[in-house]
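One structure below.
Below, chains carry the letters A, B, ... as their sequence lines are ordered, and counting in each starts from 1.
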Amino acid sequence: MQKNHASHAVKLAASDRALRAFTLIFAGLMVLVTVYPLYFVVIASFSDPNSVVLGKVIFCPDDINFKSYMRVFNHQQIWVSYKNTLVYTVVYTALNVFATMTAAFVFSRKKLVGSRVCMLLVLFTMYFSGGMIPGYFNIKSLGLLNSMWALILPGMISTYNMIIARTYISTSIPEALNEAATIDGCQPITYFLRIVLPLSGPIIGVLTLYAAVGMWNSYFSALLYIQSSEKLPLQMILREILVQSEISPNDLLSASDVSEIVSKAALKEQLKYALVVVASVPMLVLYPFLQKFFVKGVMIGSVKG
Amino acid sequence: MNARQSAVSRKRWMRFKGYMSENWQLYILLVLVMSYYFVFCYRPMYGLRMAFMDYNPILGFERSKYVGFKQFERLFTGPYFWPVLRNTLLLSLLNLALGMPFPIIFALLLNTLTNERAKKTIQTITYAPHFISTVVVVGMLKLFLSPTVGIVNNVIAALGGTPVNFLTDAGKFRWVYVWSDVWQNTGWNAVIYIAALAGIDPELHEAATVDGASRLRRIWHIDIPGILPTVIILLIMSTGSIINVGFEKVNLMQNDLNAATSEVISTYAYKVGLQKAEYSYASAVDFFNSFVTLVLLVTVNFISKRVTETSLW
């Protein structure tokens with residue numbers, strides 16, 4: 001009896017140990033598979049292009065140099081689009097957060113006559129939309145084609161985020177505050193600006209980051225609505241250089257490089273690696289600090305509101 | 001009689017005035033919010049009527065002719081519709097079949113780790129690809145998978161194999177699309193399951209441990225039932241959008257050589273609509289897309305409500 005029990009315990013420990021080993025291997029592989037491509041891009045961008053092309057650069061950089069970065073930094077159009085993306089992201093984020101919070105506040109007032117019907121109208125837009133072509137004509141008839149507002153206004157309120165924010169307001173800000181404020185003669189807009197917004201720090205963090213990352217990384221609206229090249233956001237330029245190679249990366253080279261013995265094709269590739277680094281660094285440097293907000297958003301979102 | 005009536009209506013009026021003096025500002029905000037939805041969501045929906053027209057941008061909505069279901073007939077009997085629909089469904093089903101299990105397995109395994117710091121670090125690292133833009137991810141695919149200078153084919157060649165044309169082979173498009181999606185989103189999509197696992201009452205685990213349940217049994221009997229509602233909700237949402245394969249990534253990965261498998265509804269609508277200017281025909285594609293999404297979502301939600309008592313609304 002005693003012995004039996006002991007062997008049972010040993011067997012248990014064995015299955016737990018196996019699971020633990022499997023977990024560590026799986027997690028290790030996940031980390032490796034995630035990190036290696038990013039690591040490779042970085043070392044390839046610093047290495048001698050010929051070594052990269054010949055497959056000599058696998059684990060460590062070869063013949064470290066910063067030439068590809070110099071080319072990227074000297075490229076006019078990349079910086080114009082970088083600046084555009086910064087402006088679009090800042091303006092969009094500010095407007096989106098304010099509008100989304102306003103909508104969340106209004107719809108958190110459950111007693112407001114008519115707000116339920118409006119909420120249904122809002123929810124319907126999550127499941128049915130006009131689609132690409134009618135959306136295009138809508139923007140066109142509003143006279144917004146080729147303007148920064150065509151990228152910003154259609155996404156002013158994100159319905160899904162608005163529902164997350166509404167859940168936050170109705171669960172984290174006590175209704176008693178509203179009653180007290182109303183008795184003191186505080187009107188709803190004052191209540192929203194003075195009390196709800198200051199108490200919504202975490203959810204504003206979530207909305208800000210969702211909006212900023214979304215705007216920074218998207219190219220679809222710009223593809224549809226923006227024609228002039230000086231207004232294009234960064235992702236459109238990246239698309240042209242990295243994916244379509246419409247702008248030949250040779251444009252990034254000055255005459256002196258051509259005289260170098262390095263093969264042009266190899267240099268082209270190296271420029272792309274450097275460009276990937278330059279374009280991704282802002283988000284990759286920021287997200288570890290901001291991830292707690294994102295995670296929080298996912299968690300509030302998973303609570304059914 | 002008349003006096004009484006007017007007294008009643010005056011009382012009502014006073015009540016209305018009292019209500020309004022408290023709430024008029026909220027109505028202003030409500031009107032502002034709803035005007036956004038009307039201009040940027042309902043106006044395009046109303047614009048979908050062009051799917052039933054022979055829309056000519058010069059004539060505009062007022063003078064273009066209504067043609068009934070002509071555009072839909074053209075769509076359903078045309079040579080492109082069925083292959084495009086098939087590509088769309090296969091791509092999203094494959095993406096769902098591979099994209100759902102990985103984050104769940106990852107979350108369940110990560111949850112068994114007791115070292116909080118290790119857990120946090122692994123999570124933070126695996127989020128990273130989520131913050132890279134689609135354009136950059138496809139750009140990286142192009143660099144890595146290039147048949148002449150990419151690292152993947154360099155390795156294949158070094159191992160004695162022949163280079164593979166991953167990006168121009170119609171048979172490989174779906175796999176490249178789906179596996180790169182798994183790479184980009186597994187860590188991030190696990191967040192919601194990790195949150196759900198954190199919400200499971202620890203007493204359940206303690207009681208099971210006292211009863212001699214191994215970790216594996218506890219995963220099976222406690223963790224998996226605990227996250228099942230979350231899994232179902234996410235499954236409903238993804239089923240609803242099964243026909244809505246994102247335009248951005250497919251458009252970037254598409255080329256003439258892989259179009260046989262990579263042409264999906266959204267890219268097709270973009271091509272006929274904005275590149276060939278067949279606006280009404282493309283709107284019919286859009287309409288079909290939105291309609292199927294809605295029907296699928298309502299159906300799956302209904303079934304789920306009946307079978308599992310978990311539903312979106």
Side-chain angles (χ1 to χ4, degrees), chain A residues 12 15-16 19 23 26-27 30-31 34-35 37-38 40-41 53 55 102-103 106 109 112 115 118 121-122 125 127-138 153-154 156-157 187-189 213 217 219-220 235 238-239 242-243 269 272-273 276 279-280 283-284 287-288 291 295 298-299 302, chain B residues 23 25-26 29-30 33-34 36-37 40-41 43-45 47-48 50 106 109-110 112-113 122 124-129 131-136 138-140 142-143 149 151 154 158 183 187 191-192 195-196 212 214-216 230 247-248 252 269-270 273-274 279 282-283 286 289-290 294 297:
Chain A
L12 264 191
S15 96
D16 280 7
L19 178 70
T23 305
F26 189 88
M30 276 283 295
V31 169
T34 306
V35 170
L38 303 176
F40 178 78
V41 168
V53 168
T102 307
V106 172
R109 310 293 96 192
L112 193 70
S115 73
C118 290
L121 286 172
V122 167
T125 63
Y127 303 113
F128 194 86
S129 74
M132 188 187 298
I133 309 299
Y136 175 83
F137 278 99
N138 188 40
L153 293 178
M156 268 268 280
I157 300 179
Q187 282 284 354
I189 291 180
V213 173
N217 284 341
Y219 77 88
F220 179 54
Q235 300 298 330
L238 291 177
R239 175 175 175 265
L242 292 178
V243 180
E269 297 297 297
K272 291 185 184 175
Y273 285 112
V276 165
S280 308
M283 287 297 150
L284 288 183
Y287 92 87
Q291 61 160 323
V295 174
V298 172
M299 290 207 260
S302 66
Chain B
N23 293 307
Q25 291 193 341
L26 285 176
L29 295 182
L30 189 63
V33 168
M34 289 320 284
Y36 159 77
Y37 279 100
F40 290 103
C41 299
R43 221 167 152 246
M45 274 187 228
L48 266 182
M50 71 188 349
F106 182 55
L109 290 178
L110 207 62
T112 66
L113 291 181
I122 294 173
T124 306
I125 291 171
T126 51
Y127 292 163
F131 294 89
I132 297 173
S133 73
T134 316
V135 178
V136 168
V138 177
M140 280 165 64
K142 285 211 151 187
L143 284 168
V149 294
I151 177 171
N154 279 338
W183 177 76
V191 176
I192 190 160
S214 68
R215 194 67 186 85
L216 213 55
T230 314
F247 172 87
E248 289 207 343
L252 292 168
Y270 174 72
L274 293 178
Y279 302 118
S283 308
D286 278 338
N289 197 357
S290 288
L294 187 66
L297 203 69

Part of B:Tyr37 within contact of chain A (heavy atom distance under 4.5 Å): side chain
Pick from A:Val35, A:Val213, A:Val276, A:Val122 with the largest number of heavy-atom pairs that fall under 4.5 Å of chain B: A:Val122
Distance (rounded to the nearest 0.5 Å) between A:Met30 CE and B:Thr126 OG1: 5.0 Å
Pairs of heavy atoms under 4.5 Å with chain B: top-ranked of A:Ser115, A:Ala279, A:Cys118: A:Cys118
Heavy-atom pair count under 4.5 Å with chain B, highest-scoring of A:Pro154, A:Ala27, A:Gly135: A:Pro154
Interatomic distance, A:Thr23 atom OG1 to B:Phe106 atom CZ [nearest 0.5 angstrom]: 10.5 Å
Top contributor to chain A interface from B:Ala158, B:Gly47, B:Ala128 [non-hydrogen pairs under 4.5 Å]: B:Ala128
CG-CZ distance between B:Leu143 and A:Phe40, expressed to the nearest 0.5 angstrom: 8.5 Å
Greatest number of heavy atom pairs closer than 4.5 Å to chain A - which of B:Val191, B:Thr124, B:Val33: B:Thr124
Which of B:Ile125, B:Ile151, B:Val136 touches chain A most, by non-hydrogen pairs under 4.5 Å: B:Ile151
ring-ring contact (aromatic ring centres under 6.0 Å, His included) against A:Tyr287, all qualifying residues, sequence neighbours excluded: B:Phe131
Point-to-point distance, once rounded to the nearest 0.5 Å, from OG1 of B:Thr134 to CG of A:Leu238: 11.5 Å
Exercise: identify the closest heavy-atom pair between A:Tyr127 and B:Leu297: CD2-CD2, 2.6 Å
Top of A:Leu19, A:Ile189, A:Leu38, A:Val106 for chain B proximity - count of heavy-atom pairs under 4.5 angstrom: A:Ile189
Interface residue of largest heavy-atom contact number with chain A, from B:Asn23, B:Leu294, B:Asn289, B:Leu26, under 4.5 Å: B:Leu26
Between A:Pro134, A:Ser280, A:Gly131, the one whose heavy-atom pairs under 4.5 Å with chain B are most numerous: A:Pro134
Candidate pair A:Leu242 and B:Val138, rule side chain to side chain contact (heavy atoms under 4.5 Å, CB included), full reasoning: CA-CA 8 Å; A:Leu242 292 178; B:Val138 177; over 6 Å; no
Non-hydrogen atoms of A:Asn138 and B:Arg43 that approach each other most closely: OD1-NH1, 2.6 Å
Heavy-atom proximity to chain A below 4.5 Å, by part of B:Thr112: side chain
Gap separating the CZ atom of A:Phe137 from the CE atom of B:Met50, nearest 0.5 angstrom: 4.5 Å
NZ-CE distance between A:Lys272 and B:Met140, expressed to the nearest 0.5 angstrom: 13.5 Å
A:Arg109 and B:Leu30: CA distance, side-chain angles, deciding distance, side chain to side chain contact (heavy atoms under 4.5 Å, CB included) verdict: CA-CA 11 Å; A:Arg109 310 293 96 192; B:Leu30 189 63; over 6 Å; no
Among the listed options B:Tyr127, B:Tyr36, B:Phe247, the residue most often paired with chain A at heavy-atom distances under 4.5 Å: B:Tyr36
Evaluation steps, side chain to side chain contact (heavy atoms under 4.5 Å, CB included), between A:Tyr219 and B:Leu252: CA-CA 10 Å; A:Tyr219 77 88; B:Leu252 292 168; 3.4 Å; yes
